[in-house]
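In what follows, every heavy atom counts, from backbone to side chain, and hydrogens, waters and symmetry copies are set aside. Every chain is numbered from 1 and lettered A, B, ... according to where its sequence line falls, protein lines coming before strand lines. It should be emphasised that the depicted structure is a prediction, and the values quoted were computed from it without experimental measurement.
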Amino acid sequence: MTPPKAGAAVDAASLRKLPRSFYDRDTALVARELLGKYLVRVSSGEARRIARIVEVEAYLGPHDLASHSSKGLTRRTRVMFGPPGHAYVYLVYGMHFCMNVVTGPEGHGSAVLLRAVEPVLNVEGPTRGPGRLCKAMRIDGGLNAHDLTGDGLFIAESPATAPVPVVRRPRVGVDYAGRWARRLLRYYIRGNPFVSRP
DNA sequence: TGCACGATGAAC
DNA sequence: TTCATCGTGCAC
């Protein structure tokens with residue numbers, strides 16, 4: 001009759017969904033503050049999946065040559081230029097999905113890529129790396145443009161109180177972006193074993 | 001209409 | 001280090 005410890009920590013009533021105002025701020029700040037938050041996925045007919053965000057990357061806008069939005073407003077980047085608090089999900093290398101959260105005011109073209117999570121509840125398989133994260137959390141292109149203040153897929157406050165120690169590094173796989181490749185826009189929780197490339 | 005190239009992951 | 005695999009953006 002003793003409830004599992006993890007279950008108690010993620011009781012439905014304790015999951016406080018992040019408001020849109022959280023996302024409508026400076027992208028690097030949102031990236032930094034997403035660390036430690038809970039990513040929640042509710043697929044119909046399946047148990048609710050919860051994972052703690054441990055690694056992210058900030059993509060600042062059209063001036064950031066590593067950002068998809070540097071191509072301007074296209075069918076693909078439409079979501080990035082849309083209102084904050086929505087999911088930008090795209091396919092890379094023809095086989096892996098990557099999930100971002102749109103940040104800043106509408107029209108800004110910025111987002112934060114989720115690169116790794118730590119399983120908390122009902123999450124199976126590897127979760128380090130943006131593609132594996134999406135696979136484990138059952139996130140695919142059908143969730144592109146999904147409103148993160150709604151249901152199905154959202155981010156919530158975590159019960160943790162202590163601040164997380166943060167490491168800043170250059171972003172992964174953007175060597176083509178010149179000086180933007182060297183910017184320290186990748187953030188992860190120091191010492192966390194689920195980070196993709198410590 | 002064609003083509004080069006990935007915000008990756010897994011195998012070798 | 002190589003390769004799978006396909007949507008996107010841009011050249012033609």
Query raised in the report: Which listed nucleotide (dG9(C), dG6(B), dT8(B)) is nearest to the side chain of Tyr176(A)?
Result: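 For the Tyr176(A) side chain, the nearest candidate turns out to be dG6(B).
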Requested in this report: Report the nucleotide, chosen from dG9(B), dA7(B), dG9(C), that has the shortest atom-to-atom distance to any side-chain atom of Arg132(A).
Outcome: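 Closest nucleotide among those given: dG9(B).
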Report task. Kindly confirm or rule out a cation-pi arrangement of Arg190(A) over Tyr188(A), judged by NZ or CZ under 6.0 Å from the six-membered ring centre and within 45° of its axis? Result ->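 Cation-pi check for Arg190(A) and Tyr188(A): fails.
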Requested in this report: Check the pair Tyr90(A), His68(A) against ring pair (Phe, Tyr, Trp, His ring centres under 6.0 Å), reporting the backbone distance first and the verdict last.
Outcome: CA-CA 10 Å; Tyr90(A) 68 93; His68(A) 288 174; 4.6 Å; yes
Query raised in the report: Can you tell me how far the OG atom of Ser196(A) sits from the CZ atom of Arg115(A), to the nearest 0.5 Å?
Result: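 Between atom OG of Ser196(A) and atom CZ of Arg115(A) there are 4.0 Å.
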Query - Interatomic spacing from CG in Leu133(A) to CG in Leu39(A) - rounded to 0.5 Å - result: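 Output value for this atom pair is 6.5 Å.
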Requested in this report: Mind checking which stems touch DNA chain C? I mean at least 3 consecutive Watson-Crick or G-U pairs, both distances under 3.5 Å.
Outcome: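 Output for stems: B:1-6 with C:6-11, B:8-11 with C:1-4.
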**Report entry** Qualifying residue for side chain to side chain contact (heavy atoms under 4.5 Å, CB included) with Ile50(A), from Leu15(A), Asn122(A), Val123(A)
**Finding:**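 Per the side chain to side chain contact (heavy atoms under 4.5 Å, CB included) rule, the option paired with Ile50(A) is Leu15(A), out of Leu15(A), Asn122(A), Val123(A).
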**Report entry** Qualifying residue for side chain to side chain contact (heavy atoms under 4.5 Å, CB included) with Val112(A), from Leu185(A), Asn100(A), Ile53(A), Thr103(A)
**Finding:**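 Exactly one option meets the side chain to side chain contact (heavy atoms under 4.5 Å, CB included) with Val112(A), and it is Thr103(A).
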Report task. Compare side-chain N and O positions of His68(A) against OP1 and OP2 of dT8(C) and report whether any pair is under 4.0 Å apart. Result ->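 No, no such contact exists.
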Requested in this report: Answer yes or no: does a side-chain N or O of Arg115(A) lie under 4.0 Å from OP1 or OP2 of dT8(B)?
Outcome: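 So the side chain of Arg115(A) is within the cut-off, an N or O lying under 4.0 Å from OP1 or OP2 of dT8(B).
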Between [N] atom [atom2] and [X] atom [atom1], what is the distance in whole Å?
X         : N      : atom1 : atom2 : answer
Phe97(A)  : dT8(C) : CZ    : P     : 10 Å
Leu73(A)  : dG9(C) : CG    : C1'   : 14 Å
Met99(A)  : dA7(B) : CE    : C1'   : 15 Å
Leu133(A) : dA7(B) : CG    : C1'   : 13 Å

Query raised in the report: salt bridge (Lys or Arg N to Asp or Glu O under 4.0 Å) between Arg49(A) and Glu124(A): does it pass, once the steps are laid out?
Result: CA-CA 9 Å; Arg49(A) 295 176 170 84; Glu124(A) 307 288 335; over 6 Å; no
**Report entry** Identified salt bridge (Lys or Arg N to Asp or Glu O under 4.0 Å) partner of Asp64(A) from the options Arg183(A), Arg171(A), Arg179(A)
**Finding:**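 Passing option: Arg171(A).
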Requested in this report: Give, ordered by number, those residues of residues 186-198 of chain A having at least one heavy-atom distance below 4.0 Å to an atom of DNA chain C; if nothing qualifies, reply none.
Outcome: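 Heavy-atom cutoff 4.0 Å gives no residues at all.
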Could you verify whether a donor N or O on one side chain and an acceptor N or O on the other, from [X] and [Y], lie under 3.5 Å apart?
X         : Y         : value
Ser67(A)  : Ser70(A)  : no
Ser69(A)  : Thr77(A)  : no
Arg132(A) : Thr127(A) : no

Query raised in the report: Quick one: on DNA chain B, does Pro126(A) or Ala111(A) contact a more 5' nucleotide (nearest heavy atom)?
Result: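 With Pro126(A) and Ala111(A) compared, the 5'-side residue is Ala111(A).
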Anything under 3.5 Å between a protein N or O and an N or O of nucleotides 1-7 of chain C, put it in a table, one pair a line.
from	atom 1	to	atom 2	distance (Å)
dT5(C)	O2	Tyr93(A)	O	2.4

